[in-house]
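Atom set for the values below is all heavy atoms of this structure, side chains included, hydrogens, waters and symmetry mates excluded.
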Amino acid sequence: SFSSLALDSSGRPHIAYYDEKTQDLRYAFFDGLGWQFQTVESTGNAGTYPSLVLDETDLPHVSFSGTGTGTCPGLRYAFRQGDTWHLEWVDPPPS
């Protein structure tokens with residue numbers, strides 16, 4: 001459930017989505033030969049409501065609902081450099 005789609009400069013699809021089974025934020029892209037899958041965030045129940053954009057070099061940037069309790073899970077931002085995902089809190093959940 002919860003997914004966001006973007007096309008790269010070659011017209012290939014990239015998808016950020018919430019995996020209900022594992023409760024993780026996942027990222028998938030078609031490299032021209034097949035689909036590649038990565039876990040972006042796996043701490044707690046994170047990754048709902050993703051919004052994906054690709055930058056000018058086709059690298060993914062994703063905002064999403066973070067972990068937390070109650071009605072305010074916080075807002076997170078993830079971006080990939082090379083093979084590494086970097087995660088930041090934009091608006092952390094209240095403690």
Side-chain angles (χ1 to χ4, degrees):
S1 63
F2 303 110
S3 60
S4 181
L5 168 72
L7 300 177
D8 65 22
S9 59
S10 298
R12 295 179 180 151
H14 296 244
I15 304 168
Y17 65 96
Y18 175 70
D19 184 331
E20 288 183 345
K21 183 177 180 182
T22 62
Q23 298 182 331
D24 296 339
L25 175 64
R26 302 273 292 156
Y27 169 71
F29 65 97
F30 187 75
D31 66 6
L33 299 174
W35 285 94
Q36 305 298 318
F37 298 90
Q38 300 174 352
T39 299
V40 178
E41 171 65 290
S42 61
T43 304
N45 183 9
T48 54
Y49 306 104
S51 181
L52 169 69
V53 297
L54 302 175
D55 66 19
E56 62 278 353
T57 61
D58 291 332
L59 290 176
H61 298 256
V62 185
S63 63
F64 60 97
S65 179
T67 57
T69 58
T71 60
C72 186
L75 178 64
R76 298 214 63 190
Y77 166 64
F79 64 97
R80 197 176 82 195
Q81 285 182 320
D83 292 332
T84 304
W85 282 96
H86 300 275
L87 295 137
E88 300 175 6
W89 280 106
V90 175
D91 186 18
S95 35

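- A search for side chain to side chain contact (heavy atoms under 4.5 Å, CB included) contacts involving S10 returns D8, R12, not counting sequence neighbours.
- In this structure Y27 satisfies the ring-ring contact (aromatic ring centres under 6.0 Å, His included) test together with H14, F29, W85, sequence neighbours excluded.
- V53 is linked by a side chain to side chain contact (heavy atoms under 4.5 Å, CB included) to H61, counting only residues two or more places apart in sequence or in another chain.
- In this structure, L87 and A78 approach most closely via the heavy-atom pair CD2-CB, 3.7 Å.
- Shortest non-hydrogen contact noted between W35 and P13 is CH2-CG, 3.6 Å.
- The ring-ring contact (aromatic ring centres under 6.0 Å, His included) check on Y17 picks up nothing, with sequence neighbours excluded.
- Hydrophobic cluster membership of F2, counting Ile, Leu, Val, Met, Phe, Trp and Tyr whose side-chain heavy atoms lie under 4.5 Å apart directly or via other members: Y18, Y49.
- Residue pairs that meet the salt bridge (Lys or Arg N to Asp or Glu O under 4.0 Å) test with at least one member in residues 22-46, sequence neighbours left out, are E41-R76.
- What you find for P60 and L52 is that their closest heavy atoms are CB-CD1, 3.8 Å.
- Rounding to the nearest 0.5 Å places CD of E20 at 10.5 Å from OG1 of T48.
- Judged as a salt bridge (Lys or Arg N to Asp or Glu O under 4.0 Å), not a single pair has a partner in residues 50-63 (not counting sequence neighbours).
- Here the OG atom belonging to S65 is positioned 10.5 Å from the CG atom belonging to D91, to the nearest 0.5 angstrom.
- Pairing each heavy atom of A16 with each of P50, the nearest pair is O-CG, 3.7 Å.
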